Structure formats: C-alpha cells, structure tokens
Amino acid sequence: MGRAAVLAGVGSAVPDNVVTNDMLATRMDTTDEWIRTRTGIRERRHLARGSATSDLAAEAGRRALKSAGVDSVDAVVLATTTPDHPCPATAPAVAAMLGLGTIPAYDVGAVCSGFLYGLASGAGLIALGTAERVLVIGAEAFTTIIDQTDRTTAPIFGDGAGAVVLSAGDQSQPGALLAFDLGSDGDLADLIIIPGGGSRQRASGIPAEPGDEYMAMRGREVFRHAVLRMTESSRAVLARTGWDVDSVDWLVGHQANVRILRAVAEHLGLAQDRAFVNVDRYGNTAAASIPLALDDAAGAGLITPGDRIVLTAFGGGASWGAIALEWPDL
Ligand code: COA
C-alpha cells in the first residue's frame, strides 16, 4: 500500500460570544425569519476585541494534538483569510504558542476552500517524506473583515477554528486521505473580494474608498457556482475512490448555507440526512468550517469509525475542492 496522510486527531475552538439573528436585527434591516429561511443560520460567534486568529488557531491546534495523543509535529499549515497581520504569516506564531519549536509553519489562502488546500499541502509534505506528522488548522476571525452593518454579509459569517493532525501511514489505514480534487477560476475573483488593502489598490494609486477594507460578495452567483463546483468535485473523488454514492455515510460540506448543502446532496443523489449541518450554530466560518464540522459531528457521535466521508468546499478565488476518507477510531 502506498504512503498516505492519515487523520489522527481533531479539535476545534469557538469564541464564547454568541450573536443571534435577533441581535443582528437591532443593527440592520433584517429579521430572524429572513436569515433562517434563506441561510439556515440561527446564531454565530464573534471574537472579542483583544483576541485574534492565532488565539483561536492555537486552541483548536492544542485540542487536535491532544486528540491525536502527541505533543510534537513536523510542520504547521494554517488556512486563514484573516491572518493576525498582513505580514508575516500567522502559522509561525501559532507554532510558537503551541511550543512546537522551530518547525516549518506557513499560511495557506483559499478562503472557504482553504482547509482542503491545507490538507492537500500537509499531505504533500508527508508524501515527500519532509514530515511524518503535520498539524493542519483552519482558523478565522472573519467578522473582522465584515461590515457589521451590511445585511448582505454580516448575518452569514462567524468566527471559529478547527484542526486535525495528519500522520504518515498507508492507504489501507482508516483516516487515510484517499482522494483529492482541487480547482480554481480566477475569472470569478470578484465574486467574493476585499477590494482594498492589497497591491492592486496601491499600484493604481487610488485612495481606498470607505468600506473597501470589508468583504463584498455577489451572493446569488456564489450560491450557483458553489452548488455546481461542490457537486462536481464530490463526484470526482467518488470516481477516484470507486465509492458508490449510496455508500457515503456523511457529506461534510463547507458550512455556508443549509440550502447549498441540501442542493449538493440532492444533485449527488444522497439522502438529505447524510449532509452534516452545523451552520445553524456557527454561520459560515470560512476556512474553519470543515474541521469545526468534523469535530462537532465526531464529538456528537454522529460520525463513527469506518464511516465514509466526503469533504467539499467552494469559496473565494473562486476555489473549490473535495477530499474522501474513512473516519478513524480517534
Ligand atoms: N435581510 C433581509 N433581506 C435581505 C437580506 C437580509 N439580511 N439580505 C438581502 N436581502 C434582500 C435583498 O436585498 C433582496 O431584496 P430585493 O428582492 O428587494 O432586491 C432579497 O432579500 C433577495 O436577495 P438575494 O440576494 O437574491 O437572496 P438569496 O436568496 O440569494 O440569499 C444569500 C442571499 C447571500 C443568503 C445567498 O445568496 C447565499 O447564501 N449565497 C451564498 C453565500 C455564501 O455561501 N458565501 C460564501 C461562500 S464561500
């Protein structure tokens, strides 16, 4: 059997501060009913001032290391859209906070698909023999890039973090990442974008417009592309593993909108109750959403050892992907 990256531990962390739909409705022209019926979201978490992405990332990482029963890794890969600073990357700070020493640590940016890109990157380090064990984290202080008075984005996004430990093993082991599918389309870069703050704005020499530091999203188009790409990517990993769709126990999709998750399940021919949902409690936590969902589902006893799982996501870039694995006994 070929060398493989095997999931060996999982953990997550969310801020304490719960923000309900009714609380948002006091700040903007929206209602609990609109948000629930259009997105499935009831509440989300907001990180308190004084805390940053690295704090959430380190806590999720600590819990994943504990779950794996290890206190060292050979690399840290952090998927995030909201680094502590534009420069440097946040992963080295997280490695230091966890006392992991002078190991390689770097950030991966693929917005809501970031965790899947992080898993592929970590699995690549293991395949190369550069690392025997990698901590892959998805962490976001996403509410820091959202205009909290904008009803088209504020209800949707929340903060959180999730992490897994990948260990070198072989493909026959439960937890082995069995198939990957990744893609992007830069022609859709403006679907989800922060216009200001980057080199494009500086190169054009135009002062930032007020509000350009916040994320803007063309929601309806994102919805359409997300359903299409998550479905196609999931089909691609099913073809690579040779799994019949009926044998899939859980679709753990990026938690953006319950209607997107239902539509992807329907297009795949998967029963609706096979699509794991926790977007109701956390909103869209971008790169954190898949590991947060995995930890949540495993912690609740929904995902059990031996279950066949398809992870899939779509996000800014545009970028998307899917990964197939069988859940290990953690
Ligand atoms: N409260 C009340 N009304 C709102 C609203 C809110 N928070 N946000 C938008 N509306 C209004 C719109 O102004 C529009 O009004 P109009 O018909 O008078 O123009 C109406 O509701 C419908 O808006 P629309 O954007 O077409 O709704 P939608 O059903 O597409 O739902 C999203 C909007 C954003 C929830 C949905 O498109 C979505 O989830 N998209 C994907 C977002 C996502 O997942 N992003 C991250 C991907 S990684």
Side-chain angles (χ1 to χ4, degrees), residues 28-30 34-35 38-39 41 44 53 79-83 85-87 89-90 107-118 120 138-159 181-233 253-261 263-264 267 279 283-290 312-322:
M28 65 193 78
D29 184 16
T30 192
W34 192 95
I35 300 170
R38 296 293 180 121
T39 70
I41 300 167
R44 72 287 296 143
T53 295
T80 188
T81 320
T82 54
H85 307 280
C87 173
T90 302
D107 291 2
V108 166
V111 200
C112 298
S113 312
F115 185 72
L116 299 186
Y117 276 76
E140 302 280 14
F142 216 89
T143 58
T144 60
I145 54 168
I146 295 295
D147 175 353
Q148 288 300 328
T149 63
D150 179 357
R151 72 175 186 169
T152 69
T153 54
I156 292 171
F157 294 95
D159 300 329
D181 180 72
L182 299 171
S184 77
D185 182 355
D187 286 338
L188 298 176
D190 65 349
L191 279 188
I192 296 170
I193 192 165
I194 300 175
S199 62
R200 171 65 62 204
Q201 185 189 59
R202 274 171 278 179
S204 63
I206 303 165
E209 293 285 331
D212 271 4
E213 71 275 32
Y214 293 123
M215 202 207 72
M217 177 176 72
R218 303 219 305 267
R220 208 179 275 191
E221 283 168 77
V222 170
F223 193 108
R224 194 165 51 79
H225 287 288
V227 172
L228 178 74
R229 293 302 186 181
M230 288 165 72
T231 303
E232 284 181 355
S233 222
H254 167 51
Q255 303 288 310
N257 183 320
V258 74
R259 288 160 54 219
I260 293 177
L261 296 169
V264 173
H267 282 77
V279 70
N284 178 346
T285 58
S289 99
I290 286 183
T312 187
F314 177 87
S319 61
W320 58 84

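In this chain, numbering begins with 1 at the start of the sequence shown. We use all heavy atoms of the structure for the numbers below, so side chains are in, but hydrogens, waters and symmetry mates are not. Source: prediction; values computed, not measured.
- Although no hydrogens or angles enter the test, the distance criterion places a donor-acceptor pair under 3.5 Å between the side chain of Arg151 and the main chain of Asp29.
- A donor-acceptor pair under 3.5 Å links the side-chain atoms of Thr82 to the main chain of Ala141, judged by distance alone.
- With hydrogens and angles ignored, the 3.5 Å screen pairs no side-chain donor or acceptor of Thr39 with any backbone N or O of Asn257.
- No side-chain heavy atom of Asp150 sits less than 4.5 Å from a side-chain heavy atom of Met215.
- A pairwise comparison of heavy atoms in Ala79 and Ala287 identifies O-CB, 3.5 Å as the closest pair.
- Remark: the backbone N or O of Ser199 is not paired with any side-chain donor or acceptor of Gln201 at under 3.5 angstrom.
- A donor-acceptor pair is defined here as one N or O able to donate and one able to accept, closer than 3.5 Å; such a pair exists between the side chain of Gln255 and the backbone of Gly253.
- Under a 3.5 Å cut-off, the side chain of Arg44 and the backbone N or O of Asn284 do not form any donor-acceptor pair.
- Once rounded to the nearest 0.5 Å, the distance linking OG of Ser184 with OH of Tyr117 reads 5.0 Å.
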Between Ile192 and Val222, is the side chain to side chain contact (heavy atoms under 4.5 Å, CB included) condition met? List the steps.
CA-CA 8 Å; Ile192 296 170; Val222 170; 3.8 Å; yes
Determine, stepwise, if the pair Thr152 / Met217 fulfils side chain to side chain contact (heavy atoms under 4.5 Å, CB included).
CA-CA 8 Å; Thr152 69; Met217 177 176 72; over 6 Å; no
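- Between Ile156 and Ala256 the shortest heavy-atom distance is CG2-O, 4.3 Å.
- Once rounded to the nearest 0.5 Å, the distance linking CD1 of Ile290 with SG of Cys112 reads 9.5 Å.
- At distances below 3.5 Å, at least one donor-acceptor pair connects side-chain atoms of Thr312 with backbone N or O atoms of Gly321.
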Begin from the C-alpha positions of Glu140 and Thr81 and carry the test side-chain hydrogen bond (donor to acceptor under 3.5 Å, both in side chains) through to its verdict.
CA-CA 7 Å; Glu140 302 280 14; Thr81 320; 2.7 Å; yes
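- A donor-acceptor pair under 3.5 Å links the side-chain atoms of Ser319 to the main chain of Gly316, judged by distance alone.
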Could you go through the side chain to side chain contact (heavy atoms under 4.5 Å, CB included) check for Asp190 and Arg218 one step at a time?
CA-CA 8 Å; Asp190 65 349; Arg218 303 219 305 267; 3.0 Å; yes
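- From Met28, atom CE reaches atom CD1 of Ile35 across 7.5 Å, with rounding to the nearest 0.5 Å.
- Around NE2 of His225, the count of heavy atoms belonging to other residues, nucleotides or ligands within 6.0 Å exceeds 12.
- Between Ile194 and Ile145, the closest side-chain pair of non-hydrogen atoms falls below 4.5 Å.
- Taking CG of Asp185 as the start and CZ of Arg229 as the end, the distance is 6.0 Å to the nearest 0.5 Å.
- Looking only at distances, a side-chain donor or acceptor of Asp107 sits under 3.5 Å from a matching main-chain atom of Thr90.
- You'll find the side chain of Gln148 reaches within 4.5 Å of the side chain of Ile146, heavy atoms only.
- Here CG of Leu116 is found 13.0 Å from CZ of Phe314. Values are rounded to the nearest 0.5 Å.
- Taking OG1 from Thr80 and CZ from Phe142, the interatomic distance works out to 9.0 Å, rounded to the nearest 0.5 Å.
- Of the possible donor and acceptor atoms, none in the side chain of Asp147 sits under 3.5 Å from a partner among the backbone N and O of Tyr214.
- Of all non-hydrogen atoms in Arg259 and Arg38, the two that sit nearest each other are NH1-O, 2.6 Å.
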